Novice: 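There's a structure below that I have some questions on.
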Amino acid sequence: MRCLMRACSSAMRCYFSTSIPMLRSSGCNGKPSFGRMRADSGVTPPDIRLETVGGEVIYRQVKLATRLAADPTLGGRLPAIEAECAARGARHEMWLDTDIRRQPRLSNARRLRATVAVLAAENLHAIHTTITRLPFPSNLGAAAEALGGRPVHVNIVLGLVAVGEFAMDLERPLDDDTVLMRGRNAK
């Protein structure tokens, strides 16, 4: 399973651990092992592997804030997890449930995901031709206006963010002034 997280300052690809090629099943309990670590060591892999556009690899461990507060060393496993990440040339981070649910990022990401459905294959060429005439950086309102200015055109632009044609800061509320940058798939 794969998801894309995007912000103007740092676009990242994120891979859930079941799809990370270097993770393999440990056999008896079906849980993935973290590379060279043995399943009986009690060290489980981080949940998400991120790659920044610059090539940096970050492993994120998702935890409930209340559980991490009660056990900040993860039962003594945290040093081994961090050492394994460092041995792989990566950084380890904790990602709390409160970070994931932070607004407006969560609602913006959900909206982007839903807007991909409005991107009809037969319209993509016309959309791409119109959008490539925009000066960058641009904004959500100008891009929607270039397509016709109706509410569906805002959703088309957001769909283009979701598929990587544009990038935007999801930490801010979406409105006509939301800055658009060229995305990773822009030609």
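Quantities reported herein were computed from a predicted structural model and do not represent experimental measurements.
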Novice: State, with a plain yes or no, whether a side-chain heavy atom of L106 is found less than 4.5 Å away from one of L170.
Specialist: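 No, their side chains stay 4.5 Å or more apart.
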Novice: As a quick check of understanding, evaluate side-chain contact (heavy atoms from CB on, under 4.5 Å) for L96 and V62, giving each step before the final call.
Specialist: CA-CA 6 Å; L96 303 178; V62 179; over 6 Å; no
Novice: Rounded to the nearest 0.5 Å, how far does CZ of R60 lie from SG of C85?
Specialist: 12.5 Å
Novice: Heavy-atom distance under 4.5 Å between the side chains of E145 and D176, does that happen here?
Specialist: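 Side-chain contact under 4.5 Å: no.
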Novice: With P79, which residues qualify under side-chain contact (heavy atoms from CB on, under 4.5 Å), at least two apart?
Specialist: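 For P79, no residue satisfies side-chain contact (heavy atoms from CB on, under 4.5 Å) once neighbours in sequence are set aside.
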Novice: Strictly distance-based, threshold 3.5 Å: is any side-chain N or O of N108 a donor or acceptor partner for the main-chain N or O of P173?
Specialist: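 Not at all, since once roles are kept as given, no pair shorter than 3.5 Å links the two residues.
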Novice: Is a side-chain N or O of N139 found less than 3.5 angstrom from the main chain of T178, in a donor-acceptor match?
Specialist: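 Absent.
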Novice: First locate atom CD of E93, then atom CD of E82, and finally report the distance between them rounded to the nearest 0.5 Å.
Specialist: 10.5 Å
Novice: Give a yes or no on whether V161 and V116 share a hydrophobic cluster (residues Ile, Leu, Val, Met, Phe, Trp, Tyr; joining criterion: side-chain heavy atoms under 4.5 Å apart).
Specialist: yes
Novice: Do I81 and P46 come close enough that some side-chain heavy atom pair is under 4.5 Å?
Specialist: yes
Novice: Could you state the interatomic distance from CD (Q61) to CZ (R77), rounded to the nearest 0.5 Å?
Specialist: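 With rounding to 0.5 Å, CD (Q61) is 7.5 Å from CZ (R77).
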Novice: Locate the shortest heavy-atom distance separating H153 from A144; write the atom from each residue and the value.
Specialist: CB-O, 3.6 Å
Novice: How far does CG of D177 sit from CZ of R172, to the nearest 0.5 angstrom?
Specialist: 11.5 Å
Novice: Has the side chain of Q103 got a donor or acceptor atom that lies under 3.5 Å from a matching backbone atom of S107?
Specialist: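 Judged by distance alone, yes, a pair lies under 3.5 Å.
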Novice: Give the minimum heavy-atom separation between A69 and P72, together with the two atoms involved.
Specialist: O-CD, 3.8 Å
Novice: What are the two closest non-hydrogen atoms of R91 and I58, and how far apart are they?
Specialist: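 What the structure gives for the nearest pair is NH2-CD1, 2.9 Å.
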Novice: Inspect the contact between E171 and R102 and indicate whether a charged nitrogen and a carboxylate oxygen are less than 4.0 angstrom apart.
Specialist: yes
Novice: Are W95 and I48 close enough that some pair of their side-chain heavy atoms sits under 4.5 Å apart?
Specialist: yes
Novice: Charged N to carboxylate O below 4.0 Å: is that the case for D97 and R101?
Specialist: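 R101 and D97: salt-bridged.
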Novice: How far apart are the closest heavy atoms of A146 and T130, and which atoms are they?
Specialist: O-CG2, 3.1 Å
Novice: Restricting to non-hydrogen atoms, name the atom on L78 and the atom on H92 that form the minimum distance, rounded to 0.1 Å.
Specialist: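 Minimum heavy-atom contact is CD1-CE1, 3.6 Å.
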Novice: Just so I know, are the side chains of L119 and I156 near enough to count as touching, which here means a heavy-atom distance under 4.5 Å?
Specialist: yes
Novice: Counting only heavy atoms not in R113, do more than 12 sit closer than 6.0 Å to its CZ atom?
Specialist: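 Not more than 12 within 6.0 Å, no.
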Novice: With a 4.5 Å limit on heavy-atom distance, are the side chains of I127 and L160 in contact?
Specialist: yes
Novice: Enter the distance from L140:CG to L174:CG here, rounded to the nearest 0.5 Å.
Specialist: 7.0 Å
Novice: Do V154 and R111 come within less than 4.5 Å of each other through their side chains, counting heavy atoms only?
Specialist: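 Heavy-atom side-chain distance check passes, below 4.5 Å.
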Novice: Stepwise, does the side-chain contact (heavy atoms from CB on, under 4.5 Å) test hold for V179 with D169?
Specialist: CA-CA 8 Å; V179 175; D169 185 354; over 6 Å; no
Novice: Ignoring hydrogens and angles, tell me if any N or O in the side chain of R105 forms a donor-acceptor pair with the backbone of D99 under 3.5 Å.
Specialist: yes
Novice: Does the side chain of Y59 come within less than 4.5 Å of R88's, by heavy atoms?
Specialist: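 With C-beta onward as the side chain, the pair touches.
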Novice: Is there a continuous path of hydrophobic side-chain contacts, each under 4.5 Å between heavy atoms, that joins L147 to V152?
Specialist: no
